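Right, one structure below, let's go through it.
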Amino acid sequence: MQVLGQELVKWYENHHRNLPWRHTKDPYQIWLSEVILQQTRVDQGLPYFLKFVHTFPTVELLAKATEQEVLSLWQGLGYYSRGRNLHKTAQIIAHEYNGAFPNSYEGLLKLKGIGPYTAAAISSFAFDLPHAVVDGNVFRILSRYFGIDLAINSSAGKKTFEKIAGEVLNIKQPALHNQAIMEFGALQCKPVAPKCSECPLQLSCAAFAENKVHLLPVKEKKIKIRHRFFVYHVQTDQENRLALERRVAGDIWEGLFQFPMIELKSSEEQITYLQSFATSWQSPKFKHVLTHQKIEAYFVLAPLREKKEEKIHYSLQEISELPLPRLIDKFLEQHRKDLPI
DNA sequence: AAAGCGGGGCA
DNA sequence: TGCCCAGCTTT
């Protein structure tokens with residue numbers, strides 16, 4: 001077990017990327033980077049980390065911001081509850097912890113948006129405590145290296161891999177070990193096309209010996225895909241201000257702003273709905289389709305419904321200051337000059 | 001224990 | 001174009 005850790009650290013010293021959060025022991029910056037990097041690639045998260053550190057150099061400044069300012073900066077990163085939890089936790093730290101992060105795994109775990117992985121990461125990186133990180137990289141490396149085909153998303157699998165991760169952890173330098181194993185997973189022992197031919201662990205890797213690197217790690221069951229069909233109404237008032245509504249809680253893009261939207265049950269209903277515009281209201285001035293993951297969205301330049309429901313009207317300038325779903329943001333990018341105003 | 005939450009990369 | 005990635009919260 002010890003060989004694995006030593007090889008990982010040796011590899012890390014020659015191959016690691018130079019990333020800003022690796023030059024600090026500041027729990028605030030480490031926390032910021034870890035939350036941003038949850039479910040997010042380094043390339044995508046890096047600019048957001050720089051934006052946040054620049055805009056909010058301390059946890060107190062982040063706590064003082066409004067949620068909307070935080071979400072605006074978060075716009076485009078996805079999983080927006082991370083942004084809301086980030087803000088909430090900053091306020092807890094600033095107001096109830098005197099600006100200092102808890103210096104224990106258990107203390108960190110109590111905070112919003114910090115689960116087992118992030119608590120292990122912060123406690124090792126910032127406080128040199130011996131907690132092993134177990135993220136997707138670690139699951140992958142351990143399952144391959146030890147040739148374990150237990151599903152990584154099963155209870156038994158998680159328990160097993162967490163146990164092994166703790167056993168291989170170098171408790172003398174947990175921060176270095178944790179950085180090394182995750183960087184190794186990201187650059188060397190990649191999900192697809194891992195670089196086995198130039199791998200320092202090749203001779204001791206069980207999966208390589210049995211020629212089943214590509215079969216590991218094992219994941220259980222399929223997630224069922226839900227297709228959704230949206231039509232957005234791009235409406236303006238007499239002053240050429242655009243109507244926006246705020247998305248409700250409990251669904252995708254919670255709390256973000258969008259054009260007033262109707263959701264249809266099927267692609268057919270969506271088309272029928274669109275055609276009703278073409279017949280009943282001459283022809284829509286503008287129609288455009290964007291596909292976002294499993295969401296098919298049309299934008300129609302629709303007539304403004306009078307005093308029906310109360311939508312908030314904003315100028316284009318004001319809209320750019322609100323947190324928008326990536327889909328709406330993309331639409332505005334592409335059609336800014338076609339819009340009235 | 002299971003479902004839901006978003007982006008972007010890549011075959 | 002469709003598949004893949006994967007930590008945390010909520011149910």
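Owing to the predicted nature of the structure, the values given are computational and were not obtained by experimental measurement. Convention: sequence-line order gives letters A, B, ...; per-chain numbering from 1.
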_Less than 4.0 angstrom between a side-chain N/O of Arg140(A) and OP1 or OP2 of dA6(C), yes or no?_
yes
*Aromatic ring centroids of Phe229(A) and Tyr298(A) under 6.0 Å?*
no
*Counting only side-chain N and O atoms of Ser81(A), is one of them less than 4.0 Å from OP1 or OP2 of dC5(B)?*
no
*Residue mapping more 5' on DNA chain C - nearest nucleotide basis, Ile114(A) or Ile152(A)*: Ile152(A)
*Pairs meeting criterion side chain to side chain donor-acceptor pair (under 3.5 Å) with involvement of residues 24-33 of chain A, two or more places apart*: Lys25(A)-Asp128(A)
*Nucleotide of dG8(B), dC4(C), dG7(C) approaching Lys330(A) most closely (side-chain heavy atoms)*: dG8(B)
*Determine the Euclidean distance between corresponding C1' atoms of dG8(B) and dT9(C); express it in Å to zero decimal places.*
23 Å
*Going by modelled atom types, is there a donor-acceptor pair between the base of dG7(C) and the side chain of Gln39(A) at under 3.5 Å?*
yes
*asked:* Need one value for Asp43(A): base, sugar-phosphate or nothing, where a base atom within 4.0 Å counts as base even if backbone is also close, heavy atoms only.
replied: nothing
*Looking at Thr118(A), does any N or O in its side chain come under 4.0 Å of the phosphate oxygens OP1/OP2 on dC8(C)?*
yes
*Start at the 5' end of DNA chain B and walk down; is the nucleotide closest to Glu254(A) or to Ala193(A) reached first?*
Glu254(A)
_Side-chain ion pair, Arg246(A) and Glu254(A), N-O less than 4.0 Å_ = no
*Consider the side chain of Tyr79(A), meaning its heavy atoms from C-beta on, and name the nucleotide among dC5(B), dC4(C), dC8(C) that approaches it most closely.*
dC5(B)
*Proximal nucleotide (of dG7(C), dC5(B), dG8(B)) relative to the Arg41(A) side chain*: dG8(B)
*Are any of Lys219(A)'s side-chain N or O atoms less than 4.0 Å away from OP1 or OP2 of dC5(C)?*
yes
*Considering only side-chain heavy atoms of Arg326(A), which listed nucleotide, dG8(B), dC5(B), dC8(C), is closest?*
dG8(B)
*Using salt bridge (Lys or Arg N to Asp or Glu O under 4.0 Å) as the criterion, list what pairs up with Glu269(A), not counting sequence neighbours.*
none
